[in-house]
Amino acid sequence: MTIKYLLDNHFKVVTYKKGEVIYEPDAHPRAVYFIKSGKVKMVTVNNEGKEFIQGIFKTNEYFGEPALLLDKPYLAYTIATQDSEIIPVGKTDFFKLLEDRSDFSMKLIKTLSNRLFYKAMMLEELANEQAEHRVRTLITYLLKEVESGQELKVTRQQLADMSGLRVETVIRVVKKLSDQNEFKLHRGKIIKL
């Protein structure tokens, strides 16, 4: 609904190729980015070059709003993980959207609350739990968005990057959890029961 509103109001669509950076850490926020099509990951990178995925955003979702709302620099990279069409909405227009569309304002509050809950959950997992518990909690959380019998659209590498584990550890744990009938594995893909 928001994408249609933006298109109807002649907001410009910008195309990003797979692998292209949309914004970098420390950049001053210029817009909130609405995804018309495609997928984007938000990552932080440590000194050794290891990525930690902060979030994955797909068609009809948006990102970049916390930095814009707080007028603080971005903390992570956002990178298109597939060719994407994105509608950047500048600060003035974004605040007008919040004022004019109470349905969008409520959706924004829910979105921010969900992201805060996810980050708090993952912080607790990273601080306190063993690999199996981390992966189980992460997959359980991600599967809430998936219908029974459908595939979780996250790679094992992405699970590793989201959980702070090595991909080999994630593969071993995913196999073990599948053997315990927590979900089904089909050709390496996680399927919700």
Is there a continuous path of hydrophobic side-chain contacts, each under 4.5 Å between heavy atoms, that joins Leu185 to Leu159?
yes
Heavy atoms, side chains only, cut-off 4.5 Å: are Ile3 and Ile87 in contact?
yes
May I ask you to test the Ile22-Ile86 pair for a side-chain heavy-atom distance under 4.5 Å?
yes
side-chain contact (heavy atoms from CB on, under 4.5 Å) for Leu7 and Lys36? Distances and angles first, verdict last.
CA-CA 9 Å; Leu7 293 172; Lys36 180 177 180 259; 3.8 Å; yes
Phe57 side chain reached by Lys39 side chain, heavy atoms, under 4.5 Å
no
Report yes or no: do Arg136 and Gln180 form a side-chain donor-acceptor pair below 3.5 Å?
yes
Specify the closest pair of heavy atoms between Gln158 and Val154, including all atoms of both residues, with the distance to one decimal.
OE1-CA, 3.4 Å
Roughly how far, to the nearest 0.5 Å, is the CE atom of Met42 from the OG1 atom of Thr44?
10.5 Å
In terms of relative ring orientation, are Tyr23 and Tyr74 parallel, tilted or perpendicular, with 30° and 60° separating the classes?
parallel
Both conditions, 6.0 Å and 45 degrees, for the charged tip of Arg101 above the ring of Tyr5: are they met here?
yes
How many angstroms lie between atom CD1 of Ile139 and atom NZ of Lys192, to the nearest 0.5 angstrom?
13.0 Å
Looking only at heavy atoms, the pair that brings Leu142 and Val146 closest together is O-CG2, 3.8 Å
Within-4.5 Å side-chain heavy-atom neighbours: Val40 and Ile79
no
How long is the straight-line distance from CG of Asp161 back to CZ of Arg156, given to the nearest 0.5 Å?
13.5 Å
Quick check: does any side chain N or O of Asp83 sit under 3.5 Å from a backbone N or O of Lys18, one acting as donor and the other as acceptor?
yes
Is it the case that atom NZ in Lys91 sees more than 12 heavy atoms from other parts of the structure closer than 6.0 Å?
yes
Those residues that, when tested against Lys58, pass salt bridge (Lys or Arg N to Asp or Glu O under 4.0 Å) (two or more places apart)
Glu61
Please check this pair: side chain of Glu20 against backbone of Lys17, looking for a donor-acceptor N/O pair closer than 3.5 Å.
yes
I'd like to know if Phe95 and Phe34 are part of one continuous hydrophobic network [Ile/Leu/Val/Met/Phe/Trp/Tyr, side-chain heavy atoms within less than 4.5 Å].
yes
Could you measure the distance from the OG atom of Ser163 to the CG atom of Leu138? Nearest 0.5 Å is fine.
6.0 Å
Non-hydrogen side-chain atoms of Val135 and Val174 separated by less than 4.5 Å:
yes
Flag side-chain contact, heavy atom, 4.5 Å: Phe52 against Val45:
no
In one Ile/Leu/Val/Met/Phe/Trp/Tyr side-chain cluster, 4.5 Å: Val173, Ile171
no
Presence of salt bridge, Asp179 and Lys175, under 4.0 angstrom:
yes
Contact summary for Leu112 and Pro66, nearest pair of heavy atoms
CD2-CG, 4.0 Å
Glu132 with Lys176: basic N within carboxylate O range, under 4.0 Å:
yes
Any side-chain heavy-atom pair from Pro88 and Val14 closer than 4.5 angstrom?
yes
Distance-minimising heavy-atom pair for Pro29 and Ala67
CG-O, 3.4 Å
Looking just at side-chain N and O atoms, do Tyr62 and Thr111 make a donor-acceptor pair shorter than 3.5 Å?
yes
Quick one, Ile191 and Leu152 - any side-chain contact, counting heavy atoms below 4.5 Å?
no
Side chains of Glu85 and Ser37: donor-acceptor distance under 3.5 Å anywhere?
yes
For residues 162-171, which residue pairs pass the salt bridge (charged side-chain N to carboxylate O under 4.0 Å, His left out) check, not counting sequence neighbours?
Arg166-Glu168
Applying a strict under-4.5 Å side-chain criterion to I, L, V, M, F, W and Y, I'd like to know whether Ile56 and Val170 cluster together.
yes
Let me confirm one number: the CD-CD distance from Glu147 to Glu145, rounded to the nearest 0.5 Å.
10.0 Å
Trace of the side-chain contact (heavy atoms from CB on, under 4.5 Å) decision for Thr78 with Phe63
CA-CA 9 Å; Thr78 54; Phe63 59 93; 3.8 Å; yes
Strictly below 4.0 Å, N to O, side chains only: are Lys41 and Glu51 in salt-bridge contact?
yes
Would you give the length of the straight line joining atom CG of Asn60 to atom OG1 of Thr2, rounded to the nearest 0.5 angstrom?
8.5 Å
Do Phe104 and Leu69 belong together in a cluster built from hydrophobic side chains that touch within less than 4.5 Å?
yes
